[in-house]
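Quick notes on the structure that follows.
Protein chains get the first letters and strands the later ones, always in sequence-line order, with residue 1 at the start of each.
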Number of protein chains: 2
Amino acid sequence: MDVTEPATRARRSDATRAAILRAARERFATDGYDRATIRAIAADARIDPSMVMRYYGSKEGLFAAAAEFDLRLPDLAEVPPDRLGETLTRHFVRRWEADGTLVALLRAAATNPGAAERMRGVFADQLAAAVARSVAEPATAARRAGLVASQILGLALTRYVVRLPPVVDLDPEELTAWVGPTIQRYLTQPLPPSHASGG
Amino acid sequence: MDVTEPATRARRSDATRAAILRAARERFATDGYDRATIRAIAADARIDPSMVMRYYGSKEGLFAAAAEFDLRLPDLAEVPPDRLGETLTRHFVRRWEADGTLVALLRAAATNPGAAERMRGVFADQLAAAVARSVAEPATAARRAGLVASQILGLALTRYVVRLPPVVDLDPEELTAWVGPTIQRYLTQPLPPSHASGG
DNA sequence: ACTGTAGGCCAACACGTGTTGACATCGCCT
DNA sequence: AGGCGATGTCAACACGTGTTGGCCTACAGT
């Protein structure tokens with residue numbers, strides 16, 4: 001019974017598991033949750049649909065595994081304060097240009113409550129946490145992170161999902177030049193004169 | 001055969017037609033295209049599913065009718081140039097706070113190609129046209145309209161679809177104070193120093 | 001009162017879906 | 001070699017979907 005790695009033992013099926021996950025990410029990204037069928041995913045992975053069930057339990061379970069997403073945000077405390085917007089914008093564009101998982105999550109979040117919940121989690125946990133490290137008054141961090149999310153997700157939506165031509169045509173550097181200052185302002189601008197001051 | 005109004009004659013079924021459309025808009029807005037079933041829409045309208053088919057031909061046809069959307073943008077040529085962002089932002093928030101059609105279109109556009117096409121149409125025709133009337137160099141109007149769309153749709157996405165708490169919590173005036181300047185900048189800021197100048 | 005037509009309902013079809021269980025096969029361990 | 005769990009395949013189930021055609025009912029025109 002005493003093997004060297006009882007838990008981390010490399011299983012023979014790992015390749016299959018990975019193939020399923022890869023196919024699932026692609027399908028979810030292009031078709032959304034509902035239209036992405038287990039049969040299609042299984043066909044892409046050259047595997048029987050029942051294997052998907054065996055390894056991931058259900059379609060929901062498969063999606064949960066496929067939509068695990070790490071924004072890989074840099075430590076904003078180490079970024080020069082006047083380059084926060086530029087840095088963050090460039091990072092996001094690079095990140096989802098290389099990995100379709102976020103687009104899959106975005107497409108699914110439009111109709112699937114669980115996906116929307118996960119989307120909230122990604123931005124609440126990762127983005128808000130990163131923003132908190134770069135903001136003067138911690139009380140405003142959540143609000144600022146929300147505004148940043150609205151612009152960043154709007155960019156992803158118009159560029160990769162709706163595919164608005166003028167947004168698709170901008171190259172990453174132009175994109176950064178235009179929306180970088182927006183992000184910068186959301187992060188560093190003092191609170192607007194509030195009529196009904198909150199916290 | 002010569003009635004007074006041959007085409008505009010009020011049919012007895014108009015109430016039913018309207019009820020179907022109203023129910024369809026609600027269902028599409030909350031559930032998205034795929035999860036909104038004809039049976040559910042018909043039940044909401046207290047009507048038989050087959051009536052939906054008779055009046056709108058197919059589910060696609062029903063959606064096309066339900067997703068007809070007019071942004072009702074003001075004439076931006078009559079708005080003081082330094083209040084464009086504020087005006088536009090406030091208008092959008094009011095507009096979709098009162099009418100869920102745009103949210104229905106947004107949810108559907110995430111997975112349905114036809115809906116995405118229509119979304120592109122709405123913003124290309126209506127927004128770009130309005131923006132063109134307020135911008136100095138007409139050549140940049142499409143790009144500026146695209147950037148405006150990215151922030152405006154991002155706001156709608158995070159506030160009404162994903163429901164990110166910090167964005168949901170902002171009241172319309174705070175929202176205007178924060179994102180108004182962003183829109184203003186996209187509309188009036190000179191082009192950023194372009195490294196590879198396009199058109 | 002009779003008829004034609006529009007409005008409405010019911011039952012069913014054909015299809016694709018997620019999911020399940022029974023059966024075959026591979027490869028490691030003793 | 002023999003046994004046994006992990007891998008994988010096949011066929012089917014139960015269900016919900018969009019869609020269709022037949023039938024009943026109420027009302028307008030004569």
- Query: Can you find a heavy atom in the side chain of I152(B) that is under 4.5 Å from one in the side chain of W96(B)?
  - Reply: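 I152(B) vs W96(B): side chains touch.
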- Item | Heavy-atom check, side chain of L88(A) versus side chain of L187(A), under 4.5 Å |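 The answer is yes, as the side chains (C-beta and beyond) meet within the 4.5 Å cut-off.
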- Taking N and O atoms by type only, does the side chain of R39(B) place a donor or acceptor under 3.5 Å from a partner on the base of dG16(D)?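 For R39(B), whose side chain was compared with the base of dG16(D), there is no donor-acceptor pair (under 3.5 Å).
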What is the distance, rounded to the nearest whole Å, between atom [atom1] of [X] and atom [atom2] of [N]?
X	N	atom1	atom2	result
R46(B)	dC9(C)	CZ	P	12 Å
K59(B)	dG16(D)	NZ	P	15 Å
Y33(B)	dT17(D)	OH	P	14 Å
M53(B)	dG7(C)	CE	C1'	17 Å
Y56(B)	dG18(D)	OH	P	16 Å
I38(B)	dG18(D)	CD1	C1'	6 Å
D48(A)	dT25(C)	CG	P	15 Å
I41(A)	dT17(C)	CD1	C1'	13 Å

Which of these nucleotides, [options], is closest to any side-chain atom of [X]?
X	options	value
M51(B)	dC9(C), dT9(D), dT19(D)	dC9(C)
R54(A)	dT19(C), dT7(D), dT19(D)	dT7(D)
Y55(B)	dG7(C), dT17(D), dC9(C)	dG7(C)

- Task: Over 60° means perpendicular and under 30° means parallel, so classify the ring planes of F123(B) and F92(B), tilted if in between.
- Result: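 F92(B) vs F123(B) ring planes: parallel.
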- For the pair F63(B) and F28(B), name the ring-plane relationship: parallel under 30°, tilted 30 to 60°, perpendicular over 60°.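 Rings of F63(B) and F28(B): perpendicular, as their planes differ by over 60°.
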- Query: Which part of the nucleic acid does S50(B) contact within heavy-atom distance under 4.0 Å: base, sugar-phosphate only, or nothing?
  - Reply: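 Answer is base: heavy atoms of S50(B) come under 4.0 Å of a base.
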